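I have placed the structure first, in the form of structure tokens, so that the comments after it can refer back to it.
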Amino acid sequence: LIEIIVVEMKITIVGSGLIGQSMAVRFLRYGHNIVLYDVNVAACEEAPKSIIQTFTKNPHFLNAQTLDSVSRLMTVCTELKDAIDGSDFVYECVFEDISVKKSLFAKLDLLVNEETILISSTSCIMPSLLFSDLKSSQNCLVAHPVNPPLFIPLIELVPSTKTLNVVMSKTKDLFIDIGMKPVVLNKEIDGFALNRVQYAIIKECWNLVQEGIISVEDIDLVMTEGLAPRYSVLGPLAIMQFNAPNGVNDYLERYSDGISRIANSFEPSLNLQNEPTKEALTAHANNLFPLEKRNIFLQARNSSLKQIYEVKQEFNKEM
């Protein structure tokens with residue numbers, strides 16, 4: 001069992017979709033009070049049932065709690081002003097539309113007190129674009145979770161140019177307290193860190209398929225049966241320590257010329273509208289994972305991610 005937090009926080013989650021509900025579960029596991037708000041009142045009122053179902057399907061999420069005690073920590077509110085009253089954090093989890101998000105933060109800016117920290121879950125919108133016009137901009141940041149956040153602990157914390165260090169620190173502590181693994185970007189950059197790395201991989205994989213060098217099936221295997229198992233326990237920089245007998249300096253001495261030569265040969269552009277490549281990818285994906293069975297595959301994926309994370313925890317204990 002995981003120890004429940006001592007200092008309870010009141011956290012308002014704006015948006016009751018997949019990300020909002022998943023983050024609610026994360027906070028509830030550690031005894032925080034959650035207020036759910038959504039402009040879609042019906043969806044918001046249904047969200048607690050879905051959240052309780054998640055705990056029912058994953059009883060280990062309860063830690064030392066019961067379904068009743070978790071339910072008592074949740075409140076649904078249909079008025080934004082009431083929803084954020086007295087909240088320590090307000091976490092925006094609406095869909096990825098900059099105009100919708102900016103409109104919401106403009107409303108929040110008029111309602112919050114000077115202590116409330118405002119967070120966006122955006123996956124790629126620059127914080128300065130969201131927060132620059134707000135009087136509370138120093139209390140705003142991005143906290144980008146990785147889908148599915150129930151089973152992947154990483155969360156990216158990204159400041160705007162105005163975000164206070166103490167705000168970053170408090171937010172980092174909050175996510176550590178709920179068992180997540182926050183990474184802090186020192187300054188904003190388009191795509192943050194995770195998507196820049198992810199898109200670099202997608203770009204090279206796409207181009208290798210487009211140039212006829214490798215099939216869609218085999219490039220996926222390069223990741224799932226090659227790089228991914230290694231990277232799941234050690235990152236691409238830390239693993240250099242083990243890829244040469246005498247560690248990082250030895251690795252760079254041996255391989256830096258080759259790495260630089262190959263990296264500098266990468267195709268600079270990416271055409272995601274290349275029809276033959278799209279068709280090959282679509283056929284591969286539909287053959288492996290037919291859309292009519294999508295929910296079954298998602299459950300299997302989540303179960304596998306859970307098992308991987310449990311193994312990783314054991315690995316980390318041994319390191």
Side-chain angles (χ1 to χ4, degrees), residues 18-19 96 122-126 144-149 151-156 158 181 183 185 189-244 251-252 254-309 311-312:
L18 171 64
I19 299 301
E96 196 78 349
T122 180
S123 61
C124 61
I125 301 173
M126 297 274 275
H144 169 224
V146 185
N147 192 32
F151 302 101
I152 298 181
L154 186 87
I155 190 160
E156 295 181 288
V158 189
K181 302 290 185 181
V183 293
L185 275 68
I189 187 172
D190 194 13
F192 314 148
L194 184 138
N195 276 331
R196 290 182 74 89
V197 173
Q198 177 174 233
Y199 296 163
I201 293 171
I202 290 173
K203 175 185 175 184
E204 185 57 18
C205 291
W206 183 279
N207 283 334
L208 288 172
V209 171
Q210 182 174 300
E211 294 301 315
I213 293 167
I214 193 169
S215 68
V216 174
E217 294 83 357
D218 282 354
I219 196 62
D220 270 354
L221 288 174
V222 167
M223 180 60 69
T224 60
E225 303 300 323
L227 289 175
R230 293 201 307 185
Y231 288 171
S232 68
V233 292
L234 291 170
L237 299 185
I239 207 165
M240 291 180 183
Q241 183 77 352
F242 299 91
N243 281 350
Y251 178 82
L252 294 175
R254 291 167 181 257
Y255 303 114
S256 60
D257 288 346
I259 293 170
S260 297
R261 184 188 75 252
I262 294 167
N264 290 330
S265 75
F266 289 168
E267 174 63 41
S269 61
L270 174 65
N271 177 18
L272 291 175
Q273 301 309 313
N274 178 271
E275 287 301 326
T277 309
K278 285 173 64 177
E279 290 173 5
L281 174 55
T282 302
H284 171 61
N286 287 339
N287 181 55
L288 284 179
F289 310 112
L291 288 175
E292 61 270 19
K293 297 181 179 180
R294 183 174 184 271
N295 288 337
I296 295 173
F297 291 125
L298 280 176
Q299 290 174 11
R301 178 202 67 176
N302 292 346
S303 177
S304 296
L305 287 171
K306 174 189 168 187
Q307 293 176 54
I308 289 170
Y309 185 61
V311 171
K312 277 173 54 62

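Remember, predicted model here, so these are calculated numbers, not experimental data.
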Quiz item: side chain to side chain contact (heavy atoms under 4.5 Å, CB included) with Val222: which residues, sequence neighbours excluded?
Solution: Ile214, Ile219
Quiz item: Do the side chains of Leu194 and Leu154 get nearer than 4.5 Å, heavy atoms only?
Solution: yes
Practice problem: Could you check Gln299 against Asn302 for side chain to side chain donor-acceptor pair (under 3.5 Å), going step by step and ending with a plain yes or no? | Solution: CA-CA 5 Å; Gln299 290 174 11; Asn302 292 346; over 6 Å; no
Quiz item: Where is the tightest heavy-atom contact between Asn271 and Trp206, given as atom of each residue plus distance?
Solution: O-NE1, 2.9 Å
Quiz item: Taking C-beta and beyond as the side chain, do Asn195 and His144 meet within less than 4.5 Å on heavy atoms?
Solution: yes
Quiz item: Heavy atoms, side chains only, cut-off 4.5 Å: are Leu227 and Ile201 in contact?
Solution: no
Practice problem: Would you name the heavy atoms of Tyr309 and Pro153 that are closest together and state the gap between them? | Solution: CE1-CG, 3.5 Å
Quiz item: Backbone N or O of Pro229 within a donor-acceptor pair of the Ser232 side chain at under 3.5 Å?
Solution: yes
Quiz item: Quick one: CD1 on Ile152 to NZ on Lys181, what's the gap to the nearest 0.5 Å?
Solution: 14.0 Å
Exercise. Return the minimal non-hydrogen interatomic distance between Glu156 and Leu185, and the atom names on each side.
Key: OE2-CD1, 4.3 Å
Quiz item: For Lys312, does the NZ atom sit with more than 12 other heavy atoms under 6.0 Å from it, leaving out its own atoms?
Solution: yes
Quiz item: How long is the gap from CG on Leu208 to NZ on Lys203, to the nearest 0.5 Å?
Solution: 11.5 Å
Practice problem: Please examine the side chains of Gln198 and Val146, heavy atoms only from C-beta on, and report whether any two atoms are closer than 4.5 Å. | Solution: no
Exercise. Can you see which heavy atom on Pro145 is nearest to which on Ile19, and at what distance?
Key: CG-CG2, 4.0 Å
Quiz prompt | From Leu270 atom CG to Ile202 atom CD1, the distance as rounded to the nearest 0.5 Å | solution = 9.0 Å
Self-check item: Nearest heavy atoms of Ile125 and Phe192, plus distance in Å
Solution: O-CZ, 3.4 Å
Self-check item: Spatial distance of atom CE (Met240) from atom CZ (Arg254) [nearest 0.5 Å]
Solution: 14.5 Å
Exercise. Kindly give the heavy-atom pair with the smallest separation between Met126 and Ile189, and that separation in Å.
Key: SD-C, 3.4 Å
Quiz item: Taking the side chain from Ser265 and the backbone from Ile262, do they hold a donor-acceptor pair closer than 3.5 Å?
Solution: yes
Self-check item: Reported CD1-to-CZ distance for the pair Ile308 and Arg301, which is rounded to 0.5 angstrom
Solution: 11.0 Å
Quiz item: With sequence neighbours excluded, what pairs up with Phe297 under the side chain to side chain contact (heavy atoms under 4.5 Å, CB included) test?
Solution: Phe289, Pro290, Lys293
Practice problem: With side chain to side chain contact (heavy atoms under 4.5 Å, CB included) as the test, would you mind laying out the steps for Ser215 and His284 before giving the verdict? | Solution: CA-CA 10 Å; Ser215 68; His284 171 61; over 6 Å; no
Quiz item: Distance from Asn264 atom CG to Ile259 atom CD1, nearest 0.5 Å?
Solution: 11.5 Å
